[in-house]
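Side chains included, hydrogens not; waters and symmetry mates left out as well; all remaining heavy atoms used.
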Amino acid sequence: MLIVMEQGVSEEQVRRVVDKIESLGFKAHPIPGAMRTAIGITGNQGPLDPAEFEMMPGVTQAISVTQPYKLVSREVKRENTVIQVGGASIGGSLFAVIAGPCAVESLEQTLAVAHRVKAAGAHFLRGGAFKPRTSPYSFQGLGVEGLRILSRAREETGLPIVTEALDTDTVDLVAEHADVIQIGARNMQNFSLLKRVGRTRRPVMLKRGMSATIDELLMSAEYIAAEGNYNIFLCERGVRTFSNHTRNTLDLSAVPAVKSRSHLPMIVDPSHGTGKRDNVAPLARAAAAVGADGLMVEVHDRPERALSDGPQALYPDQFDALMIEIRAIAELVGRKV
Ligand code: PEP
Ligand code: MN
């Protein structure tokens, strides 16, 4: 249920509604907006009686939310969510660019890529310290050492860090070093991990599972929001289809579909979406045109030596060229890079 408060409602009136929700054993989620403040209720198994809330001072209306995902739905919040992270933002007028290697391999490699993507205008540095690999014999990431390298790269470049948390055991460790915690495609429905990152206050980038529908993606985001962490953005990274000319099939139509259902920002990852370096720039341009809130792109200083995902990594010069194109396209759709 959603409690819609009157315009100019007092803090005291909001607090009384929150107290009432909590006294019933449910969780209250105040959602401030430009036009109105609303309070979402979660934790109730059955329907609530709107009259119980509508008689309270400051309440305009109590409405039941029809979507199975509630806090992340447009029904509950009409305005787009804008997430502020370390001087950058996602979901507002900025078209956010997250770039970096697939995996942190060494200090030298990470700093080399970080300086190049920063110079080209990227807003965030990505890099996996804990890597989800299909084969147990493939490089699994440097772990804690990788996190320390990322922190060092942030110190040197000022770029906020996006890095993956693979399991509940390492969430706190990742949260200590990361500005944004990435939840990978393989973990999109790892509900205990989603709840765990929902209890941190770090922004979360949730990637779409490789065979997940949009509704399933939004339900997973709801798991995070229901724990009180509302700083979530989504990432389309391609889904499995019969089509085998690319690693995955990048579903750009997910962007407008998600935006009509949810207020959360959505970015696009054309690197995992295609798996092929030469396809990354065309789909990155398309992502900017389709109205995505940003991009995540893998870049490596020496892709032929990369320990993971070398074939999809852009050379730094290619990333420079892509940024020039993206700037022009973003401007056409009212964004700046
Ligand atoms: C990644 O971004 O490093 C990654 C492993 O992506 P995905 O979870 O989308 O496969
Ligand atoms: Mn990768």
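- Between Arg261 and Ala257, the shortest heavy-atom distance links the atoms NH1-O, 2.9 Å.
- We find that Glu227 and Lys195 are not joined by a salt bridge, their nearest charged nitrogen and carboxylate oxygen being 4.0 Å or further apart.
- Side chain of Asn229 to main chain of Arg202: a donor-acceptor pair is present (N/O by atom type, distance under 3.5 Å, no hydrogens or angles).
- Atoms CG and CG, on Leu234 and Leu218 in that order, are 6.0 Å from each other to the nearest 0.5 Å.
- Between Thr163 and Ala178, the shortest heavy-atom distance links the atoms CG2-CB, 3.7 Å.
- Within 6.0 Å of the CZ atom in Arg201, the count of heavy atoms belonging to other residues, nucleotides or ligands exceeds 12.
- Other residues, nucleotides and ligands contribute over 12 non-hydrogen atoms within 6.0 Å of the CZ atom of Arg199.
- The minimum heavy-atom distance linking Ile232 with Ala221 is given by the pair CD1-O, 3.5 Å.
- Side-chain atoms of Gln189 do not come within 3.5 Å of backbone N or O of Asn187 as any donor-acceptor pair.
- Hydrophobic clustering, defined by side-chain heavy atoms of Ile, Leu, Val, Met, Phe, Trp and Tyr closer than 4.5 Å, groups Ile267 together with Ile83, Val85, Ile90, Ile98, Phe124, Val162, Val180, Met205, Phe233, Met296.
- Taken to the nearest 0.5 Å, the OG atom of Ser64 stands 8.0 Å off from the CD atom of Glu75.
- In this structure, Gly92 and Arg335 approach most closely via the heavy-atom pair O-NH2, 2.9 Å.
- The salt bridge (charged side-chain N to carboxylate O under 4.0 Å, His left out) with Asp269 is formed by just one residue from the set Arg208, Arg247, Lys207; it is Lys207.
- The main-chain N or O of Gln13 is found under 3.5 Å from a side-chain atom of Ser10 such that the two form a donor-acceptor pair.
- Ser271 places no side-chain N or O within 3.5 Å of a backbone atom of Val297 that could act as its donor or acceptor partner.
- Aromatic ring pairs are classed by plane angle as parallel below 30°, tilted from 30° to 60° and perpendicular above 60°; the pair His29 and Tyr230 is perpendicular.
- Panel note: side chain Lys70, backbone Val65; a donor-acceptor pair is recorded below 3.5 Å.
- Residue-environment remark: CD (Glu52) exceeds the threshold of 12 foreign heavy atoms within 6.0 Å.
- Residues Arg152 and Glu156 are paired through a salt bridge, judged by an N-O separation under 4.0 Å between the basic side chain and the carboxylate.
- The two residues Thr157 and Ala114 have their closest heavy-atom pair at CG2-CB, 3.9 Å.
- Checked by atom type and distance alone, the side chain of Thr200 never pairs as donor or acceptor with a backbone atom of Arg196 at under 3.5 Å.
- Side-chain polar atoms of Thr246 and Lys276 form no donor-acceptor pair below 3.5 angstrom.
- Although no hydrogens or angles enter the test, the distance criterion places a donor-acceptor pair under 3.5 Å between the side chain of Glu222 and the main chain of Leu71.
- Between the side chains of Arg148 and Ser151, no donor-acceptor pair of N or O atoms lies under 3.5 Å.
- Heavy-atom minimum distance, Arg327 versus Gly121: NH2-CA, 3.9 Å.
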Discussion item. Before you tell me yes or no, could you show the steps for His123 and Val337 under side chain to side chain contact (heavy atoms under 4.5 Å, CB included), namely the whole-Å CA-CA distance, both residues' side-chain angles and the distance that decides it to 0.1 Å?
Written reply: CA-CA 9 Å; His123 309 102; Val337 176; 3.9 Å; yes

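- Contact check for Val174 versus Val197: no side-chain heavy atoms found under the 4.5 Å cut-off.
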Discussion item. Set out, in order, the CA-CA distance, both residues' side-chain angles and the distance that settles salt bridge (charged side-chain N to carboxylate O under 4.0 Å, His left out) for Glu298 and Arg126, then state yes or no.
Written reply: CA-CA 8 Å; Glu298 288 187 347; Arg126 66 146 287 147; 3.4 Å; yes

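- Asn44 places no side-chain N or O within 3.5 Å of a backbone atom of Pro47 that could act as its donor or acceptor partner.
- By the rule that hydrophobic residues join a cluster once side-chain heavy atoms approach within less than 4.5 Å of another member, Ile183 and Met210 end up as members of separate clusters.
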Discussion item. Apply side chain to side chain contact (heavy atoms under 4.5 Å, CB included) to residues Cys102 and His300 and explain how you reach the verdict.
Written reply: CA-CA 8 Å; Cys102 179; His300 200 291; over 6 Å; no

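- Here Met266 contributes atom CE and Asp293 contributes atom CG; the two are 9.5 Å apart, rounded to the nearest 0.5 Å.
- Other residues, nucleotides and ligands contribute only 12 or fewer heavy atoms inside 6.0 Å of the CD atom of Glu11.
- Here the straight-line distance linking atom CD of Glu12 with atom CZ of Arg15 works out to 4.5 Å at 0.5 Å rounding.
- Placement of Met323 and Ile329 in two distinct hydrophobic clusters is found when ILVMFWY residues are connected by side-chain heavy-atom separations under 4.5 Å, directly or transitively.
- Rounding to the nearest 0.5 Å places CZ of Phe53 at 14.5 Å from OG1 of Thr60.
- Looking at Asp309 and His272, their side chains do bring a donor and an acceptor atom within 3.5 Å of each other.
- Between Leu283 and Leu252 the shortest side-chain heavy-atom distance falls below 4.5 Å.
- Between the side chain of Glu236 and the main chain of Gly273, no donor-acceptor pair closer than 3.5 Å is present.
- Salt bridge Arg116/Asp320: present, at least one basic N to carboxylate O contact under 4.0 Å.
- There is a side-chain donor-acceptor pair under 3.5 Å between Glu304 and Tyr315.
- Judged by distance alone, the side chain of Asn80 and the main-chain N or O of Pro265 form no donor-acceptor pair under 3.5 Å.
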Item to complete: Step by step, work out the side chain to side chain contact (heavy atoms under 4.5 Å, CB included) result for Ser260 and Arg74.
Response: CA-CA 7 Å; Ser260 69; Arg74 279 253 183 235; over 6 Å; no

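- Residue Ile149 holds its CD1 atom at 13.5 Å from CZ of Arg154, rounded to the nearest 0.5 Å.
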Discussion item. Quick one, Leu2 with Val4, criterion side chain to side chain contact (heavy atoms under 4.5 Å, CB included). Give me CA distance, side-chain angles, the key distance, then yes/no.
Written reply: CA-CA 6 Å; Leu2 183 72; Val4 183; 4.1 Å; yes

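- Checking Asp251 against Thr249 by side-chain atom types alone, no donor-acceptor pair falls below 3.5 Å.
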